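The structure under discussion appears below in the form of structure tokens.
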Amino acid sequence: MSRASRVPGLLTVLFSDLRQQKLALVLFGCILASAFAVIYVAHTNRLLTIERDELLSQRDQIDIEWRHLQIEQTTLTEHSRVERIASQRLGMVRPEGKQEVLVPWQ
């Protein structure tokens, strides 16, 4: 048997078919790239959604804490409370009219 009459090898046939189908190969590569891009974008979108939800939750907690601090500040700065502490703890009394001293403005 001569070499010319031999059946070509499998790899030879595959590579020759691939060379003939370049457009199909390029389109297949584009499909794969597009599929991986969709997977990546969906995954990134999920991560960003989770992060946004955590930040919104943190914002709500900070907002609640801010309201509590405002209530506490209002309670601590009440006029009657300040007067009571001034008179009981510090022994302060309200000055009479003749005890008041005006400091001139320069």
Side-chain angles (χ1 to χ4, degrees):
M1 274 197 165
S2 71
R3 282 192 108 159
S5 64
R6 288 185 60 193
V7 178
L10 179 61
L11 288 177
T12 308
V13 172
L14 284 176
F15 284 124
S16 73
D17 283 348
L18 288 177
R19 271 182 272 155
Q20 292 173 3
Q21 302 295 327
K22 289 179 185 175
L23 178 63
L25 249 159
V26 168
L27 290 176
F28 180 71
C30 290
I31 289 171
L32 282 179
S34 174
F36 283 121
V38 167
I39 291 169
Y40 174 75
V41 168
H43 178 68
T44 305
N45 187 29
R46 284 188 194 105
L47 292 177
L48 289 173
T49 302
I50 290 168
E51 183 180 358
R52 186 198 69 191
D53 290 344
E54 289 172 355
L55 289 173
L56 288 174
S57 176
Q58 184 180 11
R59 183 194 67 179
D60 292 342
Q61 290 297 324
I62 291 172
D63 190 40
I64 291 169
E65 184 179 352
W66 171 250
R67 282 192 227 129
H68 289 159
L69 289 172
Q70 284 181 322
I71 292 169
E72 184 179 351
Q73 181 183 19
T74 302
T75 303
L76 292 175
T77 58
E78 251 179 32
H79 183 68
S80 61
R81 180 179 184 277
V82 171
E83 277 189 4
R84 189 179 71 247
I85 290 173
S87 64
Q88 290 176 354
R89 292 185 189 170
L90 303 175
M92 298 175 83
V93 292
R94 186 129 186 109
E96 307 258 337
K98 52 188 163 182
Q99 293 175 325
E100 291 181 9
V101 177
L102 294 175
V103 179
W105 179 257
Q106 296 182 21

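A quick note: this is a predicted structure, and the numbers were derived from the prediction, not measured.
- Judged purely by distance below 3.5 Å, without hydrogens or angles, the side chains of E83 and H79 pair a donor atom with an acceptor atom.
- Enclosure of atom CD in Q70 by more than 12 non-hydrogen atoms of other residues, nucleotides or ligands within 6.0 angstrom is indicated.
- Panel note: side chain S34, backbone C30; no donor-acceptor pair is recorded below 3.5 Å.
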Counting only pairs under 3.5 Å, give me each side-chain donor-acceptor contact of residues 9-27, with atom names and distances, residues two or more places apart or in other chains.
| unit_1 | atom_1 | unit_2 | atom_2 | d |
| --- | --- | --- | --- | --- |
| S16 | OG | T12 | O | 3.4 |
| S16 | OG | V13 | O | 2.9 |
| R19 | NE | F15 | O | 3.3 |

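- For the atom pair CG of D53 and CG of L48, the computed distance is 11.0 Å after rounding to the nearest 0.5 Å.
- Contact check for L47 versus H43: side-chain heavy atoms found under the 4.5 Å cut-off.
- Residues forming a salt bridge (charged side-chain N to carboxylate O under 4.0 Å, His left out) with R67 (at least two apart in sequence, or on another chain): D63.
- Atom OG1 of residue T74 and atom CZ of residue R81 lie 12.0 Å apart, to the nearest 0.5 angstrom.
- Atoms CZ and CD, on R94 and Q99 in that order, are 11.5 Å from each other to the nearest 0.5 Å.
- Annotation: the span from I50 atom CD1 to N45 atom CG amounts to 10.0 Å, rounded to 0.5 Å.
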